[in-house]
2 protein chains.
Amino acid sequence: MRKEPLCEEIAGEGCGLKKVLNIIGGKWKIMILCVIDNNEVARYGDLRRSVYGITNTMLAQSLKDLETDGLVCRTQYDEMPVRVEYTLTEKAKSLIPILLQLKKWGEENL
Amino acid sequence: MRKEPLCEEIAGEGCGLKKVLNIIGGKWKIMILCVIDNNEVARYGDLRRSVYGITNTMLAQSLKDLETDGLVCRTQYDEMPVRVEYTLTEKAKSLIPILLQLKKWGEENL
DNA sequence: CCGTATCCAAACCGATACTG
DNA sequence: CAGTATCGGTTTGGATACGG
């Protein structure tokens with residue numbers, strides 16, 4: 001009985017672990033997930049104010065990435081002025097418990 | 001009863017989750033941890049050969065970071081020529097199960 | 001209100017050569 | 001064998017202004 005290897009391919013990008021790190025890494029992604037998770041739903045402006053220091057460039061780009069990766073859902077209401085809401089997908093919600101464990105580990109060990 | 005927040009401080013660097021991502025992020029860190037974990041102990045040259053594409057610069061720097069962060073232990077034997085062995089610390093070993101969950105999530109969802 | 005466009009700075013990463 | 005030094009490229013992030 002062998003141990004389960006952390007990564008099968010040392011080469012890299014195919015590893016599930018590497019993939020996760022790629023989509024939640026970077027400077028702002030987890031903060032954004034965090035704010036949406038705490039509030040259930042967040043508008044662009046909410047995120048802009050809540051994620052301290054973020055610029056339009058990075059917020060827009062990060063949200064687009066997260067949407068592409070299936071972690072957040074964007075809903076646009078064509079009112080005047082327009083309103084856009086962001087929520088977590090089920091996929092993202094299933095990731096949260098693991099992130100909480102990681103967070104706990106970080107608090108205890110770093 | 002409130003939900004546990006993913007991050008307490010939106011500002012950032014104090015969050016346990018952010019800290020973990022900072023120390024295992026980057027291009028090579030998890031590969032290195034992976035190789036050491038799979039082999040129990042690894043020499044510099046083993047890592048050099050196993051982590052496909054890594055250069056001396058990055059390997060040496062990554063190992064130094066990991067040692068500073070308390071994830072790997074460096075042992076030097078002053079033979080001729082010198083031999084250096086890297087192992088995971090207990091701290092790092094306690095992180096592995098969480099990383100495996102993350103990896104599993106990545107494989108199922110990405 | 002919710003973004004995009006452009007341009008610039010900094011961080012990160014890599015190739016090559018060299019050392020104890 | 002196990003690294004360090006230097007330099008240059010690439011990628012990432014930020015400031016500011018503007019557009020639907």
Side-chain angles (χ1 to χ4, degrees), chain A residues 10-13 15 18-36 39 41-69 72-87, chain B residues 10-13 15 18-36 39 41-69 72-87:
Chain A
I10 301 303
E13 300 304 320
C15 171
K18 200 97 215 293
K19 288 190 203 166
V20 179
L21 262 20
N22 283 158
I23 70 170
I24 62 170
K27 195 166 178 183
W28 303 108
K29 303 272 184 73
I30 61 162
M31 310 279 200
I32 293 168
L33 292 177
C34 165
V35 173
I36 305 178
N39 298 279
V41 50
R43 297 177 57 174
Y44 184 91
D46 295 336
L47 291 164
R48 184 83 214 282
R49 279 180 297 278
S50 299
V51 180
Y52 183 79
I54 200 169
T55 59
N56 277 329
T57 318
M58 295 314 297
L59 179 52
Q61 184 185 308
S62 301
L63 284 170
K64 209 171 283 180
D65 290 348
L66 290 169
E67 197 191 356
T68 300
D69 294 326
V72 309
C73 178
R74 178 184 186 276
T75 311
Q76 177 168 342
Y77 299 93
D78 286 328
E79 307 165 347
M80 182 67 80
V82 330
R83 178 166 55 105
V84 175
E85 291 186 348
Y86 291 92
T87 53
Chain B
I10 302 302
E13 299 306 319
C15 172
K18 198 96 215 297
K19 287 190 203 167
V20 179
L21 262 20
N22 283 157
I23 70 170
I24 61 170
K27 193 166 178 182
W28 305 107
K29 304 273 182 76
I30 61 163
M31 311 279 201
I32 294 170
L33 292 177
C34 164
V35 174
I36 305 178
N39 298 280
V41 50
R43 296 178 59 174
Y44 184 91
D46 294 337
L47 290 165
R48 185 81 213 284
R49 279 180 297 277
S50 300
V51 180
Y52 184 80
I54 199 168
T55 59
N56 278 327
T57 318
M58 294 315 297
L59 179 53
Q61 184 185 307
S62 301
L63 284 169
K64 210 171 283 180
D65 290 348
L66 290 169
E67 196 190 357
T68 300
D69 294 326
V72 310
C73 178
R74 178 185 186 277
T75 311
Q76 176 167 343
Y77 299 92
D78 286 327
E79 305 165 349
M80 180 68 79
V82 327
R83 178 166 55 106
V84 176
E85 290 186 349
Y86 291 93
T87 53

Return yes if a side-chain donor-acceptor contact under 3.5 Å exists between Y86(A) and N39(A), otherwise no. no

Can you identify which nucleotide, out of dG14(C), dG14(D), dC2(C), has its nearest atom closest to the T55(A) side chain? dG14(D)

Beyond-backbone contact of I36(A) with D46(A), side-chain heavy atoms, under 4.5 angstrom: no

Roughly how many Å is it from CG in D65(B) to P in dA11(C), rounded to a whole number? 15 Å

Among dG3(D), dG14(D), dC2(C), which nucleotide has an atom closest to any side-chain atom of Y44(A)? dC2(C)

In this structure, how many angstroms lie between the P atom of dG3(D) and the CG atom of L47(B), rounded? 10 Å

Given dA2(D), dC13(C), dA15(C), which nucleotide is nearest the side-chain atoms of R74(B)? dA2(D)

Mind calculating the distance between CE (M58(B)) and P (dA11(C)) to the nearest angstrom? 15 Å

Phosphate-side-chain proximity, K64(B) and dT4(D), N/O vs OP1/OP2 below 4.0 Å: yes

Separation of dG3(D) atom P from Y77(B) atom OH, nearest Å, is 13 Å

Let's see if you can work this out: which of dA15(C), dG3(C), dA5(C) has an atom nearest to the side-chain heavy atoms of N56(A)? dG3(C)

L59(B) CG to dT16(C) P, in whole Å, measures 18 Å

Is any side-chain N or O of R43(A) closer than 4.0 Å to OP1 or OP2 of dC2(C)? yes

Heavy atoms of K29(B) and N22(B) approach each other most closely as NZ-O, 4.4 Å

Across the strands shown, which category fits Y86(A) at heavy-atom distances under 4.0 angstrom: base, sugar-phosphate, nothing? sugar-phosphate

Taking CE from M80(B) and C1' from dC1(D), how many angstroms apart are they, rounded to a whole number? 10 Å

Check whether any side-chain N or O of K27(A) sits under 4.0 Å from OP1 or OP2 of dA11(C), and answer yes or no. no

For a side-chain contact (heavy atoms from CB on, under 4.5 Å) check, start with the C-alpha distance between I23(A) and T68(A), then their side-chain angles and the critical distance, and finish with the verdict. CA-CA 10 Å; I23(A) 70 170; T68(A) 300; over 6 Å; no

Is there a side-chain contact between V51(B) and L59(B) (heavy atoms, below 4.5 Å)? no

Mapping V82(A) and V84(B) onto DNA chain D by nearest heavy atom, which one lands closer to the 5' end? V84(B)

Of all the nucleotides listed (dC1(D), dG13(D), dT4(D)), which has the minimum atom distance to the side chain of P81(B)? dC1(D)

Without decimals, in angstroms, what is the distance between I54(B) CD1 and dG14(C) P? 8 Å

Between dT16(C), dG14(D), dC1(C), spot the one nearest the side chain of T57(B), thanks. dT16(C)

Please report, rounded to the nearest Å, how far the C1' atom of dG13(D) is from the CH2 atom of W28(A). 9 Å

